[in-house]
Amino acid sequence: MHLTDEEASELLDYLKGRSLRDYVMVNLILRTGLRTIEVARADVGDITIKRGRRILKVWGKGMDGKDDIVILSDPAWIPLKDYLDSRGHLKQSTPLFVTDGKGHRGKRMSTRSIQNICKEALRAIGLDSHEYSAHSLRHTTAVSILKNGGDWKDVQRVLRHTSPVTSQIYTESVEEEIRLDKSPESFLDNAFQ
């Protein structure tokens, strides 16, 4: 289940007022489609410049190393930079996101912790169904790409799907949403009067 644009904005607004780390992490997921495992595996040194674009090297699901990338647009990068700056001087091998709990401060976040943060924030804005999870943010990325003019190939590239069939599933859900929002039947409302 994906979030509407309004729900995604509400989620970010909610987190912005509570935790810089959580806000930046959710913002990054929404803007890049990262999986929780990819967020957990990311290190500070994975951020680099390639052909003039700021990127994050990604160690994807089922892969042996950081062999893929996501592009960090300014709306993804600037909050991330602020978060990293707030943590002081960091080594390249430092985890991108770290725990802030007592006894575990500064340790790499687990996928479970990331999932829990996302789930709790979704609940806080009223999305308390089992259908909403950290993975919903990834779905939101895909749907947003499609609703803003991208196609299933763009979704496949951004979400790093190995099979085009997986990416095409999102196209079907967006087509229904667009059909419901802008139904061609409404053209007939005044036709037979």
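We use all heavy atoms of the structure for the numbers below, so side chains are in, but hydrogens, waters and symmetry mates are not. These numbers were taken from a predicted model, which means no experiment stands behind them. Residue numbers run from 1 in the order of the sequence given.
Listed by chain and number, the residues in a salt bridge (Lys or Arg N to Asp or Glu O under 4.0 Å) with Lys153 amount to none (sequence neighbours excluded). Checked against salt bridge (Lys or Arg N to Asp or Glu O under 4.0 Å), Arg138 has no partners two or more places apart in sequence or in another chain. Residues meeting the side-chain hydrogen bond (donor to acceptor under 3.5 Å, both in side chains) test with Arg53, sequence neighbours left out: none. Remark: His2 engages His139, Thr140, Val143, Glu177 in a side-chain contact (heavy atoms from CB on, under 4.5 Å) (not counting sequence neighbours). Among residues two or more places apart in sequence or in another chain, the side-chain hydrogen bond (donor to acceptor under 3.5 Å, both in side chains) test is passed with Asp43 by Lys66, Arg108. In this view, Asp82 satisfies the side-chain hydrogen bond (donor to acceptor under 3.5 Å, both in side chains) rule with no residue, not counting sequence neighbours. Applying the side-chain contact (heavy atoms from CB on, under 4.5 Å) criterion to Lys91, with sequence neighbours excluded, gives Ser93, Thr94. Considering only residues two or more places apart in sequence or on other chains, Asp85 meets the salt bridge (Lys or Arg N to Asp or Glu O under 4.0 Å) condition with Lys81. Checked against side-chain contact (heavy atoms from CB on, under 4.5 Å), Asp128 has the following partners two or more places apart in sequence or in another chain: Arg123.
Nearest approach of Val24 to Leu80, heavy atoms of both residues: CG1-CA, 3.5 Å. Taking each heavy atom of Ala40 and Met109 in turn, the nearest pair found is CB-O, 3.5 Å. Summarising the geometry of Glu38 relative to Trp59, their closest heavy-atom pair is CG-O, 3.5 Å, with the distance given to 0.1 Å. Here the closest heavy-atom approach between residue Leu159 and residue Gly33 is recorded as CD2-CA, 3.6 Å.
Sorted by first and then second residue, the pairs that involve residues 68-96 and meet ring-ring contact (aromatic ring centres under 6.0 Å, His included), not counting sequence neighbours, are Tyr83-Phe97.
With hydrogens and angles disregarded, a donor-acceptor distance shorter than 3.5 Å links the side chain of Arg21 to the backbone of Val98. Proximity of a side-chain donor or acceptor of Thr141 to a complementary backbone N or O of Ile29 within less than 3.5 Å is detected. In this structure, Ser136 contributes its side chain and Met1 its backbone to a donor-acceptor pair below 3.5 Å. Asn27 places no side-chain N or O within donor-acceptor distance of the main-chain N or O of Tyr23, the cut-off being under 3.5 Å.
Side-chain contact check for Arg160 versus Leu34: some heavy-atom pair is nearer than 4.5 Å. Counting heavy atoms from C-beta outward, Ile55 and Thr48 have side chains that approach closer than 4.5 Å. Side-chain atoms of Leu96 and Leu56, non-hydrogen and from C-beta on, do get closer than 4.5 Å to each other.
Of the inter-residue distances, the one linking Arg54 atom CZ with Asp74 atom CG reads 8.5 Å to the nearest 0.5 angstrom. A distance of 9.5 Å separates CG of Leu137 from CE of Met25, quoted to the nearest 0.5 Å.
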Can you give me every donor-acceptor pair (side chain of residues 112-119, partner residue at least two apart or in another chain, under 3.5 Å) with its distance?
from   : atom 1 : to     : atom 2 : distance (Å)
Ser113 : OG     : Ser110 : OG     : 3.0
Asn116 : ND2    : Arg112 : O      : 3.4
Lys119 : NZ     : Ser129 : O      : 2.8
Lys119 : NZ     : Tyr132 : O      : 2.5

Distance-only donor-acceptor hits, side chain of residues 6-16, under 3.5 Å, sequence neighbours excluded:
from  : atom 1 : to    : atom 2 : distance (Å)
Glu6  : OE1    : Thr4  : OG1    : 3.4
Glu7  : OE1    : Thr4  : N      : 2.9
Glu7  : OE1    : Thr4  : OG1    : 3.4
Ser9  : OG     : Asp5  : O      : 3.1
Tyr14 : OH     : Arg18 : NE     : 2.9

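Linking Ile, Leu, Val, Met, Phe, Trp and Tyr residues whenever their side-chain heavy atoms come within less than 4.5 Å leaves Val58 and Ile71 in two separate clusters. Following chains of ILVMFWY side-chain contacts shorter than 4.5 Å, one can reach Ile47 starting from Leu30, so the two form part of one hydrophobic cluster.
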